[in-house]
Amino acid sequence: MNITLMTTISMVLTMILIIVGFWLPISNPDAEKLSPYECGFDPLGSARLPFSLRFFLIAILFLLFDLEIALLLPTPWGTQLTPQMTLLWASLILILLTLGLIYEWRKGGLEWAE
């Protein structure tokens, strides 16, 4: 009885949110919204413009530190260890990422202007 009630409530709430999501947004397309936008470059111009590799470096660093969360969140459930061992593994991951950040910082990889 209890599971059936929770399933029904969640399905009704989901349907209400989907319906409101389709009706609520106001769509006023203009030329700027309808134009393709890719990495800040003019999509109708030449495809052979010089491109700074610093954009790629910042994107890779963002992905690296974003994946940190994907590694840290399931650690207590994935390892099924004691809290001390979980803390040890999480600390190891954070120390490794911190050392990588310090290395990038010292090499000048995080400096935007040269």
Side-chain angles (χ1 to χ4, degrees):
M1 172 76 179
N2 209 1
I3 293 175
T4 308
L5 180 65
M6 286 191 299
T7 305
T8 306
I9 289 173
S10 65
M11 289 177 71
V12 168
L13 183 61
T14 302
M15 292 306 294
I16 289 172
L17 289 174
I18 288 173
I19 291 169
V20 167
F22 280 120
W23 285 337
L24 191 62
I26 299 170
S27 177
N28 293 329
D30 57 1
E32 290 294 322
K33 287 184 181 179
L34 294 177
S35 68
Y37 182 78
E38 183 87 25
C39 299
F41 294 116
D42 181 21
L44 304 175
S46 173
R48 303 287 178 215
L49 292 174
F51 186 73
S52 173
L53 290 177
R54 298 223 184 253
F55 287 114
F56 288 119
L57 177 66
I58 298 298
I60 289 172
L61 287 174
F62 173 76
L63 287 175
L64 177 70
F65 286 100
D66 193 37
L67 288 176
E68 166 196 356
I69 295 171
L71 292 173
L72 287 178
L73 281 180
T75 302
W77 299 283
T79 58
Q80 300 203 356
L81 298 172
T82 62
Q84 292 83 14
M85 287 301 290
T86 301
L87 181 65
L88 174 74
W89 281 108
S91 299
L92 229 107
I93 292 170
L94 288 174
I95 288 170
L96 183 65
L97 285 170
T98 304
L99 290 175
L101 180 65
I102 291 170
Y103 176 77
E104 283 293 326
W105 199 328
R106 293 224 173 176
K107 291 291 182 179
L110 298 177
E111 297 191 17
W112 192 256
E114 294 185 24

Please give the remaining members of the hydrophobic cluster of [X], linking ILVMFWY side chains under 4.5 Å, ordered by chain and number.
X	value
L13	L17
V12	I16, V20, L24
I60	none

### Query
How many angstroms lie between atom CD1 of I19 and atom OG1 of T14, to the nearest 0.5 angstrom?
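Atom-to-atom, I19:CD1 and T14:OG1 are 11.0 Å apart.
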### Query
Nearest 0.5 Å, what's the CG-CD1 distance between L88 and I95?
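Spacing of CG (L88) from CD1 (I95) equals 8.5 Å.
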### Query
Which residues pass the side chain to side chain contact (heavy atoms under 4.5 Å, CB included) test with T7, sequence neighbours left out?
I3, M11
Let me check something: any side-chain donor-acceptor pairs from residues 97-108 under 3.5 Å, sequence neighbours excluded? List them with distances.
unit_1 : atom_1 : unit_2 : atom_2 : d
T98    : OG1    : L94    : O      : 2.7

